[in-house]
S.K.: 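This structure is in structure tokens; I'll ask about it shortly.
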Amino acid sequence: MTEELNLIKHLKNYFGFDSFKGDQEAIIRNVLAKNDTFVLMPTGGGKSLCYQLPSLLMEGTAIVVSPLIALMKNQVDVVNHMSEYDGVAHYLNSSLNRSAIDKVKDDVTNGRTKLLYVAPESLNKEENVKFLQTVKISFYAIDEAHCISEWGHDFRPDYRAIRPTINKIGNAPVIALTATATDKVRTDIKKSLGIVDAKEFKSSFNRPNLYYEVRQKANDVDVQVVKYIHDKPGKSGIIYCLSRKKVEELAEILKANGIKAEAYHAGLDSATRSQTQDDFLMEKIDVIVATISFGMGIDKPDVRFVIHYDIPKSLEGYYQETGRAGRDGGEGECIAFYSRKDLKKLEKFMEGKPVAEQDIGRQLLQETAAYAESSVCRRKMLLHYFGETYNRDNCGNCDNCKNPKTRIDGRNALIVVLNAIKAVKENFQTDYIIDFCKGRPTDNIVMHKHNELEAFGAGADEEVSIWNPVIRQGIIAGYIKKDVENYGLLKLTSAGKQYLKNPTEFMVVKDNEFRESEINDNVEGGSDALDPQLYSMLKDLRRKVARRHELPPYVIFQDVSLEQMATMYPLSIEELQNIQGVGAGKAKRYGQEFCDLIKRHCEENEIERPAEFRVKTVAKKSILKVKIIQSIDKKVPLDDIAAAQSVDFDDFLTEVETIVYSGIKLNIDYFLEDVVDDDHVEDIYDYFMESETDSLDRAVEELGEEYSEDEIRLVRIKFISEMAN
């Protein structure tokens, strides 16, 4: 009892708390007893206290391995502010100059420093190994330990060398800590660190105060984000984007619309990153737009929203990033924008990586897609992914539970799926099983002669949309197991085998439908407040103008342009140029009739134009656009222009599309002559002349495999440039 009181006394003395949270006390006692320890605790659960307090009470210096300089700085500041003298905590990393490094080493040698934060790269350096061999080490704390695993969402190869380095420096107990780890990752961490017998402390992953929502990502995503933040004045939030380019663009758009925001990514210098981080903590700015490099270990309890502008690469990354909201137990809204196009982009990024890494990456992406598309309670899906059962069917705090879909009895489909898995000897993944159930004789199925099995095609009469939900919900219900260590093969559980003997009602909800939309990251889109009557009239006018010019309607103005017109009611050529996809040339050529129609409609219906909400756009990469136009005028090959500007060719084509859709004429014939067969150019050009839509996905589907996506995009650029500009 006295010992327990003493620990509480130390907690109060150093940290000002009267009691421990969750497993903190048990974890700290295990560390003080010099035992290896594994801690799985969600963001906001108080992981850092689990090694900070014992380090202050034990003899020697605790080595804390941490992946980010920003994280170290934040935690070192926190510990030093609690102490009567400086130097209780230090960090040793590449940001320090020689004199600062000497100061750190002096404090460690003199026994003043109880916590020494190091990056894995710094720990593994020979000179640091030699220095630490002279130091009394109390224990090693490996923070963000999921970085050790290739199955984790933030794999860092240098983490793999930690155990060999510990062996060189000198043995001491190890505590590994992470906020996100599946069973596979957990096993990986313990094996790599040589602590397979460590005592495990696993806290619940459920954060009841967090609201989860997935939205269709469309052209108006920037508008949605600005509106969302304007509805939460003064509240702190983080927006995650996958690319640095998007981070900087979105931060500029937010600032242009009166939102106190800053960009944060690894490409910025350390002083800027540090200042931005401090400004966020001190509430000088409300919103950080960041890549995933922001947020680890940042102790800001009142982040009220986390937005994923791009769907993340893994559910582990998603969970950790959303976990930075509502750490004080107050409201935390987690909004993710999802499109299959983004998913394809992420898959494309994996090309060129080792095959094993690609396979892991694809499996992780499939889990993210399943989470986004499913109509099941999002909390249930997340917790199941981390090996935790959530027994309620409706959590009441996610979009799927607030707007539940009708449940249908899927027992027949489940029986077909279970029999299919059994028939193919539990040796195949989801897509294969679905093809087998539907009776689709793919090359792979025919090669394995599975089309000759009795169970093949047993679900041919079922709706196509039933299979993914049944498999996903069959996994959650415990009838099917996905073997993640073995390429995600589907296996029957004992409960699944039993179900085949005695089938019962199996209620499922079908997946959410996400339409295939072309997302142009370089422009802002429409709005929710669309005037349907005006929109219909504008489409009729566009049809008449198109007929007069003998052109497809989309060449005059795209649908998204009409949507914005029916929202913002532009009355002049100048105002029309603020509409997405309407440049000066296009506005002058076609715009007056549209402005006249909008003006008449406003007068006849006594419509007050929306001073209410206009998202200001910013001039995006105008220098890059000028360089592209100048280079094309000089007939520089397009791939050479992209390389010279350090832009991925896919992103480069998006830039060129933006230029021509805004009404600027570009002649890329010189490039097409070199890279696209003349007959292909003619076929694709004719297709767009007769098509009712300029949708790339539709064109790829209708033109067939003979025509590559890049070919279609290039000819579409030629077509729009010649016909619309």
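Predicted, not measured: the structure shown is a model, and the values here were computed from it.
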S.K.: Say you draw a straight line from CD1 of Ile421 to CG of Asn427; how long is it, rounded to the nearest 0.5 Å?
M.R.: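 Atom-to-atom, Ile421:CD1 and Asn427:CG are 12.0 Å apart.
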S.K.: Check for a donor-acceptor pair, side chain of Ser536 on one end and backbone N or O of Pro532 on the other, with a separation under 3.5 Å.
M.R.: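 Side chain of Ser536 to backbone of Pro532, a donor-acceptor pair under 3.5 Å: no, none is there.
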S.K.: Side chain to side chain donor-acceptor pair (under 3.5 Å): which pairs involve residues 368-377, sequence neighbours left out?
M.R.: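 Checked against side chain to side chain donor-acceptor pair (under 3.5 Å) - neighbours excluded - the pairs reaching residues 368-377 are Tyr318-Tyr371, Tyr338-Glu373, Arg340-Glu373, Ser375-Asn512.
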S.K.: So does Asp302 pair up with Arg327, basic N to acidic O under 4.0 Å?
M.R.: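 Between Arg327 and Asp302 there is no salt bridge, as every charged N stays at least 4.0 Å from the carboxylate O atoms.
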S.K.: To the nearest 0.5 angstrom, please state how far the CG atom of Leu500 sits from the NZ atom of Lys497.
M.R.: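 Going from CG on Leu500 over to NZ on Lys497, the span is 10.0 Å.
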S.K.: Answer yes when Asp650 and Lys345 have at least one side-chain N-carboxylate O distance shorter than 4.0 Å, and no when they do not.
M.R.: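 Salt bridge: no.
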S.K.: Just verifying a value: how many Å separate Phe688 CZ and Leu703 CG, rounded to the nearest 0.5 Å?
M.R.: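 Here the rounded value is 7.0 Å.
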S.K.: Check the pair Gln320, Glu144 against side chain to side chain donor-acceptor pair (under 3.5 Å), reporting the backbone distance first and the verdict last.
M.R.: CA-CA 10 Å; Gln320 186 174 52; Glu144 310 294 348; 2.9 Å; yes
S.K.: How many angstroms lie between atom CG of Leu489 and atom CD of Glu426, to the nearest 0.5 angstrom?
M.R.: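 With rounding to 0.5 Å, CG (Leu489) is 9.5 Å from CD (Glu426).
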S.K.: Does Lys422 reach the main-chain N or O of Lys491 with its side chain, forming a donor-acceptor pair under 3.5 Å?
M.R.: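 Judged by distance alone, no pair lies under 3.5 Å.
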S.K.: Please determine whether side chain to side chain contact (heavy atoms under 4.5 Å, CB included) holds for the pair Arg379 and Tyr212, giving the CA-CA distance in whole Å, both sets of side-chain angles, and the decisive distance to 0.1 Å.
M.R.: CA-CA 8 Å; Arg379 200 171 308 277; Tyr212 300 104; 3.6 Å; yes
S.K.: Salt bridge or not for Asp222 and Lys227, using N-O below 4.0 Å?
M.R.: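 No, this pair does not count.
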S.K.: Within this structure, what is the CZ-OG1 distance for the pair Phe38 and Thr178, rounded to the nearest 0.5 Å?
M.R.: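 Output value for this atom pair is 6.5 Å.
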S.K.: How far apart are the C-alpha atoms of Leu490 and Val417, what are their side-chain angles, what is the distance that settles it, and do they pass the side chain to side chain contact (heavy atoms under 4.5 Å, CB included) test?
M.R.: CA-CA 10 Å; Leu490 297 183; Val417 165; 5.7 Å; no
S.K.: Taking Arg304 for the side chain and Gly237 for the main chain, is one N or O donor matched with an acceptor at less than 3.5 Å?
M.R.: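 The answer is no, because no donor-acceptor pair under 3.5 Å joins these two groups.
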S.K.: Does the side chain of Glu333 come within less than 4.5 Å of Glu213's, by heavy atoms?
M.R.: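 No, every pair of side-chain atoms sits at 4.5 Å or beyond.
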S.K.: Just verifying a value: how many Å separate Asp431 CG and Arg440 CZ, rounded to the nearest 0.5 Å?
M.R.: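 The CG atom of Asp431 sits 9.5 Å away from the CZ atom of Arg440.
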S.K.: How are the rings of Phe386 and Phe205 set to each other: parallel, tilted or perpendicular (split at 30° and 60°)?
M.R.: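 Ring orientation of Phe386 relative to Phe205: parallel.
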S.K.: Look at the rings of Tyr499 and Tyr479 and say which category their plane angle falls in: under 30° parallel, 30 to 60° tilted, over 60° perpendicular.
M.R.: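 Answer is tilted, since the angle falls between 30° and 60°.
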S.K.: Would you check if Leu315 and Leu364 make a side-chain contact, meaning some heavy-atom pair closer than 4.5 Å?
M.R.: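 Answer no - side chains too far apart.
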S.K.: Report the relative orientation of the aromatic rings in Phe337 and Tyr309; use parallel for angles under 30°, tilted for 30 to 60°, perpendicular for over 60°.
M.R.: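 The rings of Phe337 and Tyr309 sit tilted, inter-plane angle from 30° to 60°.
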S.K.: Check the pair Gln498, Asn502 against side chain to side chain donor-acceptor pair (under 3.5 Å), reporting the backbone distance first and the verdict last.
M.R.: CA-CA 6 Å; Gln498 193 58 43; Asn502 183 27; over 6 Å; no
S.K.: Any Lys/Arg nitrogen of Asp143 or Lys47 sitting under 4.0 Å from an Asp/Glu carboxylate oxygen of the other?
M.R.: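 Salt bridge flag = no for Lys47 with Asp143.
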S.K.: For residues 459-470, pull every pair meeting side chain to side chain donor-acceptor pair (under 3.5 Å), keeping only residues two or more places apart or in separate chains.
M.R.: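 The answer is Glu463-Lys510.
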S.K.: So, does Asn30 use its side chain to make a donor-acceptor pair with the main chain of Ala26 at under 3.5 Å?
M.R.: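 Here the side-chain-to-backbone pair does not exist.
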S.K.: Assess whether atom NZ of Lys232 is packed by more than 12 heavy atoms of other residues, nucleotides or ligands within 6.0 Å.
M.R.: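 Yes - once you tally the heavy atoms of other residues, nucleotides and ligands closer than 6.0 Å, there are more than 12.
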S.K.: Which pairs, with at least one residue in residues 189-203 and sequence neighbours excluded, count as a side chain to side chain donor-acceptor pair (under 3.5 Å)?
M.R.: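 Residue pairs passing side chain to side chain donor-acceptor pair (under 3.5 Å), neighbours aside: Arg186-Glu200, Lys190-Glu200.
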S.K.: Is the closest side-chain heavy-atom distance between Phe436 and Ile445 below 4.5 Å?
M.R.: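 Phe436 vs Ile445: side chains touch.
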S.K.: Looking only at heavy atoms, what is the nearest atom pair of Gly46 and Gln24, with distance?
M.R.: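 Closest pair (atom of Gly46, atom of Gln24, distance): O-NE2, 3.0 Å.
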S.K.: With a 4.0 Å cut-off, would you call Arg160 and Asp188 a salt bridge?
M.R.: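 Yes, charged N to carboxylate O under 4.0 Å.
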S.K.: Donor-acceptor pair, distance only, cut-off 3.5 Å: does the side chain of Asp409 make one with the backbone of Glu505?
M.R.: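 A pair under 3.5 Å: no.
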S.K.: Where do Tyr240 and Arg324 land on the side chain to side chain donor-acceptor pair (under 3.5 Å) test, with the steps shown first?
M.R.: CA-CA 12 Å; Tyr240 287 107; Arg324 286 156 194 158; 2.9 Å; yes
S.K.: Of the non-hydrogen atoms in Leu453 and Ala423, which two are nearest, and what is the gap between them?
M.R.: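 Shortest heavy-atom contact: CD1-O, 3.7 Å.
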S.K.: Please examine the side chains of Ile475 and Lys481, heavy atoms only from C-beta on, and report whether any two atoms are closer than 4.5 Å.
M.R.: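 Side chain of Lys481 against side chain of Ile475, heavy atoms only: no contact under 4.5 Å found.
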S.K.: Less than 4.5 Å apart, side chain to side chain, heavy atoms only: is that true for Leu242 and Leu346?
M.R.: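 Of all side-chain heavy-atom pairs linking Leu346 with Leu242, at least one is under 4.5 Å.
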S.K.: For Thr430 and Arg472, run side chain to side chain donor-acceptor pair (under 3.5 Å): C-alpha distance rounded to whole Å, both residues' side-chain angles, the deciding distance at 0.1 Å, then the answer.
M.R.: CA-CA 9 Å; Thr430 299; Arg472 289 165 185 168; over 6 Å; no
S.K.: Kindly indicate, with the supporting measurements, whether the criterion side chain to side chain contact (heavy atoms under 4.5 Å, CB included) is fulfilled by Asp697 and Lys341.
M.R.: CA-CA 10 Å; Asp697 290 330; Lys341 182 160 185 167; 5.6 Å; no
S.K.: Salt bridge or not between Glu331 and Lys235? Use side-chain N to carboxylate O under 4.0 Å.
M.R.: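 Judged by the 4.0 Å cut-off on N to carboxylate O distance, Glu331 and Lys235 do form a salt bridge.
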S.K.: May I ask you to test the Ile229-Ile239 pair for a side-chain heavy-atom distance under 4.5 Å?
M.R.: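 Yes, close enough: below the 4.5 Å cut-off.
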S.K.: Side-chain contact test, heavy atoms from C-beta onward, threshold under 4.5 Å: evaluate it for Arg378 versus Lys380 and give yes or no.
M.R.: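 Of all side-chain heavy-atom pairs linking Lys380 with Arg378, none is under 4.5 Å.
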S.K.: Taking atom CG as the centre, does Asp231 end up with more than 12 heavy-atom neighbours from other residues, nucleotides or ligands that are less than 6.0 angstrom away?
M.R.: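 Yes, the 6.0 Å shell around CG holds more than 12 heavy atoms from other groups.
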S.K.: Is the backbone N or O of Ser695 less than 3.5 Å from a side-chain atom of Thr693, with the two atoms forming a donor-acceptor pair by type?
M.R.: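 Such a contact is found between Thr693 side chain and Ser695 backbone.
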S.K.: Verify side chain to side chain contact (heavy atoms under 4.5 Å, CB included) between Val508 and Ile466, making sure each step is shown before the conclusion.
M.R.: CA-CA 9 Å; Val508 296; Ile466 195 71; 4.1 Å; yes
S.K.: Are any non-hydrogen side-chain atoms of Arg392 and Tyr390 less than 4.5 angstrom apart?
M.R.: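 In short, these two side chains touch, coming nearer than 4.5 Å.
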S.K.: Closer than 3.5 angstrom, by distance alone: can the side chain of Gln473 be matched with the main-chain N or O of Val470 as a donor-acceptor pair?
M.R.: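 Absent.
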S.K.: Tell me whether Asn206 contacts the main-chain N or O of Leu383 through its side chain, where contact means a donor paired with an acceptor under 3.5 Å.
M.R.: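 Answer holds: no.
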S.K.: Using modelled atom types and a 3.5 Å cut-off, is there a donor and acceptor pairing between side-chain atoms of Asn209 and backbone atoms of Gly330?
M.R.: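 The answer is yes, because a donor-acceptor pair under 3.5 Å joins these two groups.
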S.K.: Any side-chain to backbone donor/acceptor pair from His450 onto Val446? Under 3.5 Å, distance only.
M.R.: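 No: the side chain of His450 does not pair with the backbone of Val446.
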S.K.: Determine whether the aromatic ring centres of residues Tyr687 and Tyr707 are separated by less than 6.0 angstrom.
M.R.: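 No, they do not, as the ring centres are separated by 6.0 Å or more.
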